[in-house]
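The structure appears right after this line, and notes come after that.
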Amino acid sequence: MTPEQRALEFDAADPLARYRAHFTLPEGVVYLDGNSLGALPKATPAALARVVEQEWGEGLIRSWNSAGWFEAARRIGSKIAPLIGAAPNEVVACDTVSVNLFKLIAAALAMRPGRKVILSEPGNFPTDIYMVQGLERQGLATRRLAPREEITAALDDDVALLMLTHAHYKTGELFDMAALTEAAHAAGAFVLWDLSHSTGALPVDLNGVGADFATGCGYKYLNGGPGAPAFAYVAERHHADLEQPLTGWFGHARPFAFSDDYEAAPGIEQMQCGTSPILGLTALEVGVDLIAEIGIGRLHGKSQALSEFFLECLMALDVQLDLISPPASGARGSHISFRHPDAYAICQALIARGVIGDFRDPDVLRLGFAPAYLRFADIAAAARHLADVLESGEWQRDEFSQRAAVT
Ligand SMILES: *Cc1c(COP(=O)(O)O)cnc(C)c1O
């Protein structure tokens with residue numbers, strides 16, 4: 001059987017096949033970048049139009065009360081919670097991942113007086129490391145980076161916080177959240193998990209592993225749209241002692257008392273800073289509702305099946321590429337990456353054929369398998385295009401080596 005024939009059989013038996021119709025995907029495009037910007041849910045434009053035209057246009061400021069705007073950040077947080085193994089009162093949708101990292105790192109430092117080290121790994125997503133550097137420049141933190149095999153050994157009694165990304169943005173390799181959380185706690189440190197490449201693609205059990213803090217992205221597998229709000233998680237046991245440094249009025253216990261003195265809200269609301277971005281939250285809620293409806297267990301199963309099938313297709317088509325992701329689907333998130341000196345040009349040649357993946361500097365071709373809307377037929381087509389691009393040398397055309405600003 002050809003890969004295309006096998007794909008037809010898998011698609012016919014796929015219990016999630018009908019969800020593709022809930023997304024807008026252009027004709028002739030195989031979208032393998034849902035790990036970077038999730039596809040548009042078909043319900044999003046109407047939801048945005050309703051909020052703009054009725055709630056904003058007609059309701060005006062009354063909509064803060066009458067249309068549920070004031071509670072939106074909490075409401076959406078409580079819908080994200082079951083996707084990450086959190087209780088509904090432990091998650092709030094707010095700010096970006098970068099800003100949430102700042103707030104959570106600073107909060108952890110305040111709760112561990114005498115300790116300043118933030119431990120992470122080299123090659124973690126840049127913003128995660130940069131945010132530590134910002135706190136370092138203010139004299140509040142000391143950055144320490146240890147390769148993943150040496151992280152446990154680097155957990156000494158100077159470490160306030162272990163900060164790691166669950167699924168690595170390049171390789172997709174997963175950390176053992178339970179083991180590392182336990183190791184951090186044994187060393188007297190807190191742990192902060194960045195779930196940007198996990199949320200909406202694979203199950204996470206923050207409460208099960210006893211995590212302290214987490215944040216994650218709204219525009220990747222949650223399909224919240226470009227620049228969608230992120231989310232922040234703080235375990236309930238820390239709510240009373242939390243000292244979040246961006247003490248804006250939306251984190252106040254009574255924002256509309258207009259007091260001169262800050263008093264943190266008692267619960268997860270205190271992670272908020274300024275006014276909620278209602279348009280962004282509206283689009284995020286549509287994506288979260290859809291992902292929750294499909295179910296994280298089923299999404300994970302399909303994500304694994306899609307990437308396994310892709311590797312199988314490459315074998316069948318005799319494509320030799322240097323896989324830098326873990327070969328076992330259980331050890332990786334929902335994307336896989338290959339190293340090639342001309343990864344950029346290969347990626348551009350694929351995009352010209354309608355197969356949209358991405359390139360990560362300096363030599364990584366990254367392909368994401370968003371389980372909510374991809375068909376097995378898309379996977380077979382992508383593998384066939386990749387085989388053709390490599391075999392024909394088509395990627396060597398001049399036009400494919402011109403770098404754009406966003407890769
Ligand atoms: C996508 C991603 C981010 C994004 O951060 P923003 O501030 O929301 O742009 C952060 N960390 C990781 C690991 C990511 O993959």
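Numbering of ligands and ligand atoms starts at 1, following listing order. Computed from a predicted structure; not experimentally measured. Counting from 1, the numbers follow the sequence of the chain as shown.
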Identify each donor-acceptor pair in which a side-chain atom of residues 174-184 lies under 3.5 Å from a protein atom, sequence neighbours left out, and give them as a table.
residue: D176; atom: OD1; partner: A178; partner atom: N; Å: 3.2
residue: D176; atom: OD1; partner: A179; partner atom: N; Å: 3.0
residue: T181; atom: OG1; partner: M177; partner atom: O; Å: 2.6
residue: T181; atom: OG1; partner: W193; partner atom: NE1; Å: 3.1

Under 3.5 Å, which donor-acceptor pairs link side chains of residues 324-335 to any protein atom two or more places apart or in another chain?
residue: S325; atom: OG; partner: T171; partner atom: O; Å: 2.8
residue: S325; atom: OG; partner: S337; partner atom: N; Å: 2.8
residue: S329; atom: OG; partner: E308; partner atom: OE2; Å: 2.4
residue: R332; atom: NH1; partner: P326; partner atom: O; Å: 2.8
residue: R332; atom: NH1; partner: P327; partner atom: O; Å: 2.9
residue: R332; atom: NH2; partner: S307; partner atom: OG; Å: 2.8
residue: S334; atom: OG; partner: S303; partner atom: OG; Å: 2.8
residue: S334; atom: OG; partner: F369; partner atom: O; Å: 2.8
residue: H335; atom: NE2; partner: H168; partner atom: O; Å: 3.0
residue: H335; atom: NE2; partner: Y169; partner atom: O; Å: 3.2
residue: H335; atom: NE2; partner: G172; partner atom: N; Å: 3.3

Self-check item: Check ion pair K116-E136 (N to O, under 4.0 angstrom)
Solution: no
Quiz item: Under a 4.0 Å N-O cut-off, is there an ion pair linking R375 with D14?
Solution: no
Quiz item: Exactly which residues line ligand 1, taking a heavy atom under 4.0 Å from it as the test?
Solution: T96, V97, S98, F125, T127, D128, T165, D194, S196, H197, Y219, K220
Quiz item: For R366, what residues pass the salt bridge (Lys or Arg N to Asp or Glu O under 4.0 Å) criterion, not counting sequence neighbours?
Solution: D358
Quiz item: Could D158 and R112 be called an ion pair, given the rule that one side-chain N must be under 4.0 Å from one carboxylate O?
Solution: no
